[in-house]
Amino acid sequence: PVPPASLPFAKKRGPAKLRAEQYASLSVRSKPRGVLYLDGTRVGMTPITNRRLSPGTHRLRIDRKGYRTVTETIAVKGTSPIQRRYDLRRQVGR
């Protein structure tokens, strides 16, 4: 019999190296509360805490009826926590 170590498919390899995904933690508060959208997807009512954001550029939006919409583009470059607080302003009557 052929020893297993000499078979081509029996090569020993080290453990597979998994690259850990890196995220930043986003927390958003607003006064009064509003609906947070992240990259066009509804996340929920503020306050939102510890929302994971992958590296890159993200679009944040807060809506509340009777108030001006708030938008911001956030650039995530590392794992530092990102905290935002907004004071929503009432819309002027039309």
Side-chain angles (χ1 to χ4, degrees):
V2 179
S6 65
L7 295 175
F9 56 83
K11 290 182 183 177
K12 291 197 173 193
R13 295 183 182 162
K17 291 183 181 180
L18 296 176
R19 208 173 102 201
E21 281 290 329
Q22 295 202 349
Y23 296 94
S25 174
L26 173 69
S27 295
V28 179
R29 297 183 180 279
S30 69
K31 188 175 179 183
R33 296 178 71 194
V35 179
L36 173 67
Y37 293 85
L38 197 54
D39 299 324
T41 301
R42 182 187 169 122
V43 174
M45 291 292 288
T46 59
I48 301 292
T49 57
N50 299 322
R51 175 73 181 201
R52 289 175 19 163
L53 281 185
S54 59
T57 303
H58 299 276
R59 188 84 171 149
L60 177 147
R61 183 176 92 229
I62 299 177
D63 286 335
R64 181 171 176 117
K65 188 173 183 175
Y67 290 81
R68 294 181 185 172
T69 298
V70 173
T71 60
E72 182 180 357
T73 300
I74 297 175
V76 178
K77 296 179 182 174
T79 58
S80 297
I82 299 168
Q83 296 182 356
R84 294 292 188 267
R85 177 168 165 69
Y86 303 97
D87 288 318
L88 305 182
R89 295 183 178 191
R90 288 198 173 273
Q91 283 183 328
V92 179
R94 294 177 187 190

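These values consider heavy atoms only, across backbone and side chains, with no hydrogens, waters or symmetry-generated copies.
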- Message: Less than 4.5 Å apart, side chain to side chain, heavy atoms only: is that true for T57 and T73?
- Response: yes

- Can you find a pair of side-chain heavy atoms, one from L88 and one from P32, that are under 4.5 Å apart? yes

- Task: Using modelled atom types only, decide if a donor and an acceptor are shared between the side chain of T46 and the backbone of G34 within a distance under 3.5 Å.
- Result: yes

- Any side-chain heavy-atom pair of R51 and S27 under 4.5 Å: no

- How long is the gap from CZ on R89 to CZ on R68, to the nearest 0.5 Å? 6.5 Å

- Item | Side chain to side chain, Y37 and R59, heavy atoms closer than 4.5 Å | no

- Note on the structure: Taken to the nearest 0.5 Å, the spacing of T69 OG1 from I62 CD1 works out to 10.0 Å

- Query: Looking only at side chains, do T71 and R61 share a donor and an acceptor under 3.5 Å apart?
  - Reply: no

- Query: Given side chains that start at C-beta, do those of V35 and R42 come closer than 4.5 Å, heavy atoms only?
  - Reply: yes

- Distance in Å, R29 CZ paired with R84 CZ, rounded so as to fall on 0.5 Å steps: 14.5 Å

- Query: If you take all heavy atoms of S80 and A24, which pair is closest and at what distance?
  - Reply: O-CB, 3.6 Å

- Query: Do V28 and Y23 belong together in a cluster built from hydrophobic side chains that touch within less than 4.5 Å?
  - Reply: no

- Message: Rounded at 0.5 Å granularity, tell me how far CZ in R90 sits from CZ in R64.
- Response: 8.0 Å

- Query: Can you find a heavy atom in the side chain of S25 that is under 4.5 Å from one in the side chain of Q83?
  - Reply: no

- Measure the CD1-CG distance between I74 and L26 for me, rounded to the nearest 0.5 Å. 5.0 Å

- Task: Kindly indicate whether the side chain of L53, heavy atoms from C-beta on, has any atom under 4.5 Å from the side chain of L38.
- Result: yes

- Message: Once rounded to the nearest 0.5 Å, what's the spacing between atom NZ of K31 and atom OH of Y67?
- Response: 10.5 Å

